[in-house]
Each structure stands twice: as C-alpha cells, then as structure tokens.
Amino acid sequence: MADTQLSVTDLQVRFPTDRGVVEALNGVSFDLEKGQMLGIVGESGSGKSVTAKTLMNLLPRTAEIDGEVIFEGEDVRAVARERRKHFWGVKMTMVFQDPMTSLNPVKRCGEQIAETLRYHLGHGRKMALRGATDLLGQVGVPEPAKRVHQYPHELSGGLRQRVVIAMALACEPSLLIADEPTTAVDVTVQKHILDLLDRLRREREMSMILITHDLGVARGRCDDVAVMYAGRIVERSATETLFNESRHPYTDALLRSIPHIDQPSHTRLDPIPGRPPEMINPPVRCAYAPRCRHAREDCLTSIPTMGGVTGVHEFACHHPANTDRGDAALAANVAVGVTPAGLHLTAGAGSE
Amino acid sequence: MAGTGRAPLRDRPDILVRVEDLTVEFPVGRHEVVHAVSGISFDVAEGETLGIVGESGCGKSTVARSIIRLNTIKSGHVIYHDKDLATLEGEDLRRVRPDLQMIFQDPISSLNPRRRVRAVISEGLSIWGDDKGVWSQDRIEELMVAVGIDPEFGERRAHQFSGGQCQRIGIARALALDPKVLICDEPVSALDVSVQAQILNLLEEMKSRYGLTLMFISHDLSVVKNVSDRIIVMYLGKACEIGTADELYERPRHPYTRALLASIPEPATTVDVAEGNITGELPSPINPPRGCRFHTRCQHVTDICRAEEPQMVAVGGDHFVACHHPVEVALAL
C-alpha cells in the first residue's frame with residue numbers, strides 16, 4: 001500500500017524480572033494508513049500500552065525489543081540520537097490516561113504547552129504563549145486566554161485532558177497515540193473528548209491509534225480495530241466486520257460478556273471463564289486455549305498464526321468462531337462436556 | 001434537577017430500607033460546606049435491587065455510605081425495621097450493622113494485605129458468631145465455595161489473588177454475617193471486562209441464594225441496567241429520576257437522564273445522540289445553583305428552572321421525575 005504510514009512487523013518485547021522473563025509482546029504486526037483511526041482493544045496485561053510505549057520509545061532500558069517499526073519510511077528503532085527530540089513529540093505524539101499525572105502540578109497550563117513549542121519549534125517566550133492560547137481554543141477550552149494562566153488543579157478532569165491533547169498537537173504530529181484517553185473521565189465528558197479527537201484527526205488528516213479497554217468506544221470511533229490478548233493481536237479487521245462477524249473466540253466471548261444498554265434488565269451475562277494467562281514463560285500453545293470453548297488438541301501444542309484474509313479480516317485461531325470448523329470443534333467439546341484444556345462447558349457461572 | 005419530595009416512596013409492607021429527605025454536608029473550612037447529598041428520598045423493597053447511577057461527584061457513594069453510617073448525616077431518616085439508622089448510636093447501631101454490609105470498588109485495597117483471607121472472611125463471625133452465636137470453619141468454607149474461591153487458598157494473602165478473586169473474597173466477607181442488605185459501591189469498575197460478567201453473575205446468584213436486597217452503585221449505565229429492578233439517577237446531590245430499570249431506559253423523561261443515555265459510546269436507541277451534548281462544567285457542590293441544580297447545563301431551561309426547585313412527581317406507574325419540563329415520550333403500549 002502506497003499510503004502506509006506506520007508498519008509494525010513481528011514486534012517482540014521482553015522484560016527480565018526477578019521472577020523470570022515477562023514476554024509482554026509476542027510478535028505484533030500491523031499497518032496503519034495515513035489518516036486512519038486504529039483501535040487497539042484488550043484487557044490489562046494484553047500488551048496494548050506496551051505497544052504504544054514501544055512506538056514512542058518510552059520503554060525502560062531493561063526491555064529487550066525485537067522486530068521492525070517503520071514510520072513514514074524511517075526505521076523508528078534506528079533514529080539517530082540527535083534527531084530523537086524532533087521525532088517523538090513532533091511527528092508522533094501521545095496522550096496518556098490520567099491527565100493529572102501527565103501535567104506538572106506546579107506549572108501553569110499555558111507554560112506547559114508553550115514549553116513544547118519552545119523546545120521543539122524554537123519559538124520565543126511570547127510567541128509560544130500566544131501559540132498555547134491558540135491551541136487551547138482549538139481543543140475547545142472556553143476562555144483560553146484565562147486558562148493559560150491557571151494551574152492544572154484549577155481545571156476539571158475534562159479540561160485537563162484537553163490541555164494534554166493541546167500539548168500533543170502543538171507540533172502538528174502526523175500520528176497521535178491516545179492511551180485510554182477517556183478512562184478517567186465521566187461519560188458526558190468522554191463524549192466531548194472523543195468528539196474532539198475525531199474532529200481534530202479529520203481536520204489535520206492525522207492518523208490515530210486509540211488504545212482502550214472499552215469495546216463501545218472502539219466501535220463508535222475507529223475505522224479498524226485490533227484485539228490483543230496475551231501480547232498478540234488475535235483479530236483485526238474493519239470495525240463493523242469485527243463486531244458483526246467476529247472470528248476469534250476471545251473477541252466473540254468478550255462481546256457476549258458485556259451488558260448492553262438495549263437489553264432488558266437481568267439479562268444473564270455469558271462470562272469468559274478463567275482469567276488472563278501468566279506472561280512469564282508461557283507454554284507453547286494458544287494463550288487463550290485454557291479459557292476457550294472451541295479449543296482442541298492442536299490449540300494446546302501449537303500457536304496459531306494470523307490467518308483469514310490478509311489486510312481485510314485477519315485472526316489467529318485454529319477453530320474460528322462462527323465458521324464450520326469452529327462450530328465442529330465446539331460441538332465436539334460440548335459432546336464430551338469438557339475441552340482438551342480441561343474447561344468444563346456445563347459450568348455456566350464460570351470461575352477463576 | 002433536583003428534586004426533593006417524597007413522591008417516590010412507596011406504601012408497601014415489604015419495604016426494607018426507607019430513606020427520607022437524606023441530607024449530608026461536609027465542612028470544608030471557612031464556614032463553607034460541600035452539599036454532597038441534599039434531600040433525597042427513596043426506598044428499597046425486600047429482594048429488590050436498587051441501582052444508583054450518576055457521574056463522579058453526584059453523591060451516589062455518599063448516599064450508600066450514609067445508610068450504614070460511614071459518614072455523619074446532617075438531617076433526614078434512614079428507616080430500617082422501624083429503627084432510624086440516622087439517629088442510632090453506640091450499641092444499638094453496632095447491633096444493626098451486621099444486617100447491612102458493603103463491598104467496595106477497589107477489591108485489592110479493601111482487603112488487609114497482611115492477613116490471610118480466611119481470617120479476613122471470618123473476622124465478622126469471630127465477633128458476632130453466626131445465627132446460633134457460634135462460628136465454625138464449615139461456614140467459612142461454605143462461603144468460599146459459594147463465591148468460587150478454593151478453600152485450600154484460605155491461608156494465602158490478598159496479593160496472591162487477581163482483582164476478580166479479591167472481589168470474590170470481599171463478597172464472601174460481606175456475606176459472612178448473613179446480611180439482609182448488600183451495598184455494592186462500583187464493585188466491577190476496577191475489573192477487566194471479561195471478569196466483570198463473572199462478578200455480576202455471582203452477585204445475582206448470591207442474591208437469590210441468600211435472599212439479599214441489593215443496592216448497586218455504578219457510573220456504568222449498561223451495568224446498572226443489567227442488575228437493577230429500580231434505578232435512581234443522581235446529579236449534584238439530588239435525584240433527577242426514579243423508575244423501574246426497563247421503564248427508565250425505555251422512556252427517560254429527565255433531560256439529564258437522556259443526556260447520560262446519549263453520551264455513552266453506544267448510545268441507547270431511545271434518545272437522540274444530540275441530547276448528549278451537555279455544555280459547561282459541573283457546578284461546585286459548595287455553591288450549587290439555585291432552583292433546579294441542572295439548569296446551568298440544561299437545553300430546556302426556562303426562568304422557572306432558575307427560580308424554583310422542581311419536586312418529584314409521578315409520570316407513569318412506577319416512574320418519577322423532578323423536572324419542570326420533562327421530555328415528552330411516547331406512552332407505554
């Protein structure tokens with residue numbers, strides 16, 4: 001594809017710890033086109049934030065990284081030391097979950113935005129402050145001329161997140177990574193922030209990676225969605241395809257386990273049994289197999305690779321849900337009441 | 001918003017907890033107070049699940065904590081079995097507390113990290129005994145099995161369990177004293193989505209097995225609807241709307257309820273997405289707006305909203321709204 005902006009190939013990240021090596025990412029690959037909004041969804045520990053931090057070069061030095069990240073034709077992992085400060089924070093920027101901890105509590109909001117402009121673009125003090133006021137206006141902060149002189153604690157959570165977004169946009173990045181940008185704010189504020197990000201990326205033709213644990217957020221805002229589980233992308237496709245024709249049993253189960261606003265009250269939920277796997281020395285098998293209703297013997301001996309239709313709808317599963325092969329696997333397991341991994345299919349409640 | 005008024009109180013023999021004009025204020029120095037809860041009335045029938053929903057700062061947790069007197073009540077009544085919990089003191093209060101138990105949002109920090117989970121679960125029993133005044137290992141094991149924790153793990157400490165398991169332990173601890181009312185304050189907010197459903201189902205199961213009455217507080221509208229029979233929507237210390245879960249979501253009348261339903265990522269089909277655009281900031285609870293507390297942000301605001309506080313009025317069977325201009329909706333079939 002000609003307009004591929006970001007290309008991640010077989011990314012692996014390991015953290016040596018006292019208890020063993022944590023295999024945080026086990027071969028993550030994806031492409032991002034210019035102007036696209038990609039959602040990465042997954043639960044805690046699935047590797048979505050590690051993916052973002054790897055792209056942003058924010059991992060601790062102890063991390064062992066393998067794989068290739070090409071951003072606008074340049075190998076991100078080989079950016080020369082002296083160019084780094086004008087690469088991250090300029091072309092590629094990031095917004096974090098908690099705006100209070102990403103802002104400096106003892107500096108006025110305006111100064112913090114202005115600092116970005118002065119450092120990266122070499123603006124003078126006055127010009128930078130004017131730029132900061134401008135940016136605050138663009139991200140929908142009311143009375144920007146007053147707000148630049150306020151401290152973060154004087155602003156509400158929603159406004160603080162807008163200040164953080166203004167900082168991220170200061171140098172007109174071509175890729176914005178937003179890591180759970182609305183997890184710490186209320187639903188009415190969440191809508192405003194997501195509306196803002198959506199508007200900004202369209203106006204500026206900016207690409208975005210939206211990391212979230214909220215499937216609803218991903219569904220409502222993203223062009224494509226990638227589902228992560230245990231350090232791998234297990235399914236990826238256009239958003240509506242993913243939600244309507246999920247193939248990976250994990251995606252499928254996740255969608256069925258959440259309550260939906262239009263269901264009558266007391267609708268019984270269908271939880272995913274068990275809990276996420278240990279990331280230290282994982283055995284060679286599909287990481288989801290112990291919790292999977294579709295798991296067969298092959299799931300316990302080999303790790304499924306990405307299949308499906310390349311670039312359209314990919315999934316890593318030996319017995320995908322909602323296919324003949326997957327239905328056959330499920331039927332065979334139901335017939336004996338237990339999967340080869342030892343999951344009892346009769347237990348409705350599911351336990352950890 | 002705002003509503004005061006006792007209209008939503010029901011005259012039924014099976015009412016277990018009845019909260020009347022509850023007001024809670026916290027001093028913040030210089031003779032100022034935070035008006036956390038300002039005159040809320042509602043009741044919970046035996047075996048019912050009452051959901052309380054609203055954004056941060058609306059007072060939903062304060063209501064819950066006030067019922068079991070974890071904070072002081074400025075005025076109002078909390079009637080439980082002919083006793084007013086708002087004025088009980090000392091031994092009388094202590095005696096009634098086993099009946100009302102609570103589980104908290106952060107499952108890990110609500111368990112003592114230095115104690116073994118068996119001790120955590122059995123602490124209440126070692127003080128009170130069970131219904132016969134004794135406590136036994138059998139009772140602890142029964143509870144652990146009921147919530148899905150292998151009794152073999154009783155000698156472990158909280159950090160050796162996942163968040164979901166810690167919440168199960170918290171539930172076992174709350175159930176140990178055979179309570180009548182279980183108050184759940186955001187019990188699944190800190191959990192991963194795949195574990196949320198397990199805990200929600202477990203609560204339903206425990207509710208029917210032990211004949212519990214539940215009060216369930218959450219900011220997540222879908223979760224609240226799933227577990228509740230009846231729901232209160234709160235804003236800035238006041239109740240805006242009370243109704244049965246299906247009715248409230250099917251025919252929301254209060255502009256704030258509608259805004260909430262329209263703001264969530266996958267909005268309810270019963271409201272227009274444009275209704276979710278609430279402008280402005282949440283006013284300070286130290287100096288809340290006069291009249292309807294929602295009037296500063298409401299799309300339907302008129303002069304009367306600024307001057308006069310709306311009262312709770314019935315707008316259909318079991319459905320009450322505190323608004324001068326409730327949104328017209330199609331009638332139930």
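Any value given below was found using the heavy atoms of this structure, including those in side chains, with hydrogens, waters and symmetry copies removed. Throughout, a chain's letter reflects where its sequence line sits, starting with A, and its residues are numbered from 1.
Ring planes of Y288(A) and Y250(A): perpendicular class, angle over 60° (limits at 30 and 60°). Classification of the H153(A)-Y151(A) ring pair by plane angle, with boundaries at 30° and 60°, yields parallel.
Interface remark: H192(A) contributes side-chain atoms only to the contact with chain B (heavy atom separation under 4.5 Å). Proximity to chain A is limited to the side chain of A245(B), based on heavy atoms less than 4.5 angstrom apart. For N277(B), the parts lying under 4.5 angstrom from a heavy atom of chain A are both the backbone and the side chain. With a threshold of 4.5 angstrom between heavy atoms, L261(B) approaches chain A through side-chain atoms but not through N, CA, C or O. For a residue to count as touching a neighbouring chain, one of its non-hydrogen atoms must lie under 4.5 Å from one of that chain's; by this rule V188(B) does not touch chain A. Interface remark: V227(B) contributes backbone atoms only to the contact with chain A (heavy atom separation under 4.5 Å). Both the backbone and the side chain of D229(B) come within less than 4.5 Å of a heavy atom of chain A. The part of E204(B) that comes within reach of chain A is its side chain, from C-beta onward, which places non-hydrogen atoms under 4.5 angstrom from that chain. Heavy atoms closer than 4.5 Å to chain A are found in the backbone of S228(B), but not in its side chain. Only the side chain of E281(B) comes within less than 4.5 Å of a heavy atom of chain A; its backbone N, CA, C and O stay farther away. Both the backbone and the side chain of I278(B) come within less than 4.5 Å of a heavy atom of chain A. Of the two parts of E43(A), the backbone and the side chain both hold a non-hydrogen atom closer than 4.5 Å to a non-hydrogen atom of chain B.
The structure places CD of E205(B) at 6.0 Å from CZ of R268(A), a figure rounded to the nearest 0.5 Å.
Per-residue counts of heavy-atom pairs under 4.5 Å with chain B were compared for P142(A), A253(A), S44(A), G45(A); the largest is that of S44(A). Listed options T267(A), V185(A), V217(A), D262(A) were ranked by heavy-atom pairs under 4.5 angstrom with chain B; first place goes to D262(A).
At a threshold of 4.5 Å between non-hydrogen side-chain atoms, the residues R293(A) and L345(A) count as touching. Contact annotation: the side chain of C323(B) approaches that of P255(B) to within less than 4.5 Å [non-hydrogen atoms, C-beta and beyond]. At least one side-chain heavy atom of V163(A) sits less than 4.5 Å from a side-chain heavy atom of L103(A).
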Next on the checklist: Would R221(A) and D195(A) count as a salt bridge (charged side-chain N to carboxylate O under 4.0 Å, His left out) here? Give the steps.
Outcome noted: CA-CA 9 Å; R221(A) 305 289 171 166; D195(A) 283 347; 2.9 Å; yes
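Checking each of E241(B), H254(B), K60(B), R297(B) against Y235(B) for a side chain to side chain donor-acceptor pair (under 3.5 Å) leaves exactly one that passes, namely R297(B).
When only modelled atom types and interatomic distance are considered, Q150(A) and R147(A) share a side-chain donor-acceptor pair under 3.5 Å.
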